[in-house]
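Read the structure below first, then the notes.
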Amino acid sequence: MIQTLKHQKIVNSYIEKLILPSRPESPLWNRESIIYGKPARWNYIDGCMIKALLMLYYCCGDDRLLDFSVGFTDFYVTENGDIPTLNPLDYNLDNINGCKNLLTLYKLTGMKKYMAAAEKTVNTQLAGQPRLRCGSFTHKAIYPSQIWLDGAYMVLPFMTEYASMTGDTDMTEDVLMQLQNIRRIMLDSETGLYYHGYNESGEQQWADPATGLSGEFWLRAMGWLCAGLADICELSDENGELFRFSRDMLTELLDSLSSCITDGDMLLQLPARSELSGNYPETSGTLLTAYSALKACRLGIGSEKTKTDGMRLLAAVFSKYISYENEIPVLGNICLMAGLGGSQQRSGTAEYYLSEKIVSNDAKGIAPLLMACSEICRI
């Protein structure tokens with residue numbers, strides 16, 4: 001049972017009213033595509049939603065969720081395992097996120113095209129993915145010599161599961177090395193929080209000339225990191241070094257974020273800047289944190305306080321930030337997107353993060369809501 005009947009009703013409403021009626025070429029949850037008129041292509045946002053649906057399928061066994069996930073994925077994946085709208089030479093780590101679902105669907109259906117698509121992505125993109133001198137992947141080809149926390153979620157759990165399925169111990173070691181770099185370079189020792197980005201060359205306008213780090217702790221970036229670490233813990237050998245390092249890194253970060261929870265049981269867009277005018281409770285990052293805390297508890301690596309934090313964060317979102325419109329639940333206070341540099345010259349300042357568009361019912365919020373609910377079913 002998902003916490004309460006009210007929460008179950010909201011989850012069911014999302015499935016019935018927003019998700020199952022969506023078409024792959026125009027999903028109702030992808031606000032970026034709707035707002036900016038982006039053409040249909042393989043993307044991380046849709047990947048988040050399909051992952052959430054597959055997690056719910058494991059909980060409830062609703063065949064409609066599996067059938068929808070298969071149909072949606074097959075819109076993008078050909079019978080020989082090609083993904084025509086994924087250009088590997090973009091070297092965009094975000095594009096790897098949906099490949100997690102390929103591995104899940106291969107396990108669930110046995111259809112070889114899903115594993116073939118995963119293998120092709122490994123061989124055509126990850127094998128050539130540019131790296132920093134420290135060994136970590138560059139986030140995208142258009143962002144050279146940069147680590148963004150987002151990438152830890154987009155690619156490292158996929159690599160962990162792929163390595164487990166294929167016996168590739170070198171890939172497992174690669175995941176560990178990249179996590180060690182993130183912790184060594186991007187962790188702030190005073191707060192226990194992580195900076196959003198790192199520029200090894202220090203040439204980016206948003207990067208501190210001495211450290212190469214961006215200037216703020218952005219909630220969703222840390223939420224992605226938490227979720228990635230939680231997933232790696234689930235996917236890795238509990239007797240191995242990768243599991244131990246991920247476990248410790250996750251529990252430390254969840255403890256640090258716990259101290260940032262507001263009196264309203266939420267986390268802010270800039271969680272360490274509660275005094276800042278215009279700072280607001282942001283739901284997608286709050287939900288990613290809740291999901292990670294609840295998964296940590298299910299895996300036996302979180303304290304009772306961790307479970308309490310996860311429950312209170314999720315309950316606050318349900319009670320304060322979900323309304324109904326034409327019988328469809330509406331999740332608000334979702335930061336549409338945020339980044340660093342690029343053609344938009346994003347400065348990485350507090351003012352920048354607070355200026356980005358706030359939307360409702362985007363998958364970056366709905367997916368972690370469903371993921372967190374799936375964890376409650378399994379605790």
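What you are looking at is a predicted structure, and each value in this text was computed from that prediction instead of being measured.
In this structure, K357 places its NZ atom where only 12 or fewer heavy-atom neighbours from other residues, nucleotides or ligands lie under 6.0 Å away. Shown here is E327, whose CD atom has no more than 12 heavy atoms of other residues, nucleotides or ligands within 6.0 Å.
Across all non-hydrogen atoms, the minimal contact from Y198 to T211 is CE1-O, 3.2 Å. Closest approach of Y106 to M111, counting heavy atoms only: CD1-O, 3.3 Å.
At distances below 3.5 Å, at least one donor-acceptor pair connects side-chain atoms of K320 with backbone N or O atoms of G264. Distance alone, capped at 3.5 Å, is enough to place a donor-acceptor pair between the Q129 side chain and the T138 backbone. Under a 3.5 Å cut-off, the side chain of S246 and the backbone N or O of F243 do not form any donor-acceptor pair. Listed for the N92 side chain is no donor-acceptor partner under 3.5 Å among the backbone atoms of A141.
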Trace of the side chain to side chain contact (heavy atoms under 4.5 Å, CB included) decision for L242 with I232:
CA-CA 8 Å; L242 176 58; I232 290 168; 3.9 Å; yes
Going through the distances and angles, do D231 and Y291 end up as a side-chain hydrogen bond (donor to acceptor under 3.5 Å, both in side chains)?
CA-CA 10 Å; D231 290 351; Y291 160 72; 2.5 Å; yes
Begin from the C-alpha positions of N12 and Q8 and carry the test side-chain hydrogen bond (donor to acceptor under 3.5 Å, both in side chains) through to its verdict.
CA-CA 6 Å; N12 290 343; Q8 182 72 59; 3.1 Å; yes
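Every residue two or more places apart in sequence or in another chain that forms a side-chain hydrogen bond (donor to acceptor under 3.5 Å, both in side chains) with Y353 is listed here: H196.
Connection of L235 to L176 is not established within any shared hydrophobic cluster, with ILVMFWY side chains joined at heavy-atom distances below 4.5 Å, either directly or through further cluster members. Follow the hydrophobic side-chain contacts under 4.5 Å out from F137 and you never reach M177; the two are in separate clusters. Cluster annotation: L229 and M222 are assigned to the same hydrophobic cluster (Ile/Leu/Val/Met/Phe/Trp/Tyr, side-chain heavy-atom contacts under 4.5 Å, transitive). Residues W148 and L253 fall into different hydrophobic clusters, defined by Ile, Leu, Val, Met, Phe, Trp and Tyr side chains chained together at heavy-atom separations under 4.5 Å.
With hydrogens and angles left out, the side-chain atoms of T283 and T286 include no donor and acceptor closer than 3.5 Å. Residues D94 and Y153 bring no donor and acceptor atom of their side chains to less than 3.5 Å of each other.
Salt-bridge check for R346 with E356: failed, with every basic side-chain N at 4.0 Å or more from each acidic carboxylate O. Salt-bridge annotation for E161 and K107: present, with a side-chain N of the basic residue lying under 4.0 Å from a carboxylate O of the acidic one. No salt bridge links D248 with R183; every basic N to acidic carboxylate O contact stays at or beyond 4.0 Å. For K140 and D90, the salt-bridge test fails: no basic side-chain N is under 4.0 Å from an acidic carboxylate O. Taking 4.0 Å as the cut-off between side-chain N and carboxylate O, E234 and R298 count as a salt-bridged pair.
Counting heavy atoms from C-beta outward, D362 and M337 have side chains that stay 4.5 Å or more apart. Between L254 and D309 there is no side-chain heavy-atom pair separated by less than 4.5 Å. For the pair K364/I45, a side-chain contact is recorded, criterion being any heavy-atom separation below 4.5 Å from C-beta on.
Evaluated for a side-chain contact (heavy atoms from CB on, under 4.5 Å) with E282, the options I334, N333, I358 yield exactly one hit, I334.
Between W206 and Y143, the ring centre distance reaches or exceeds 6.0 Å. For F217 and Y195, the ring centers sit closer than 6.0 Å to each other.
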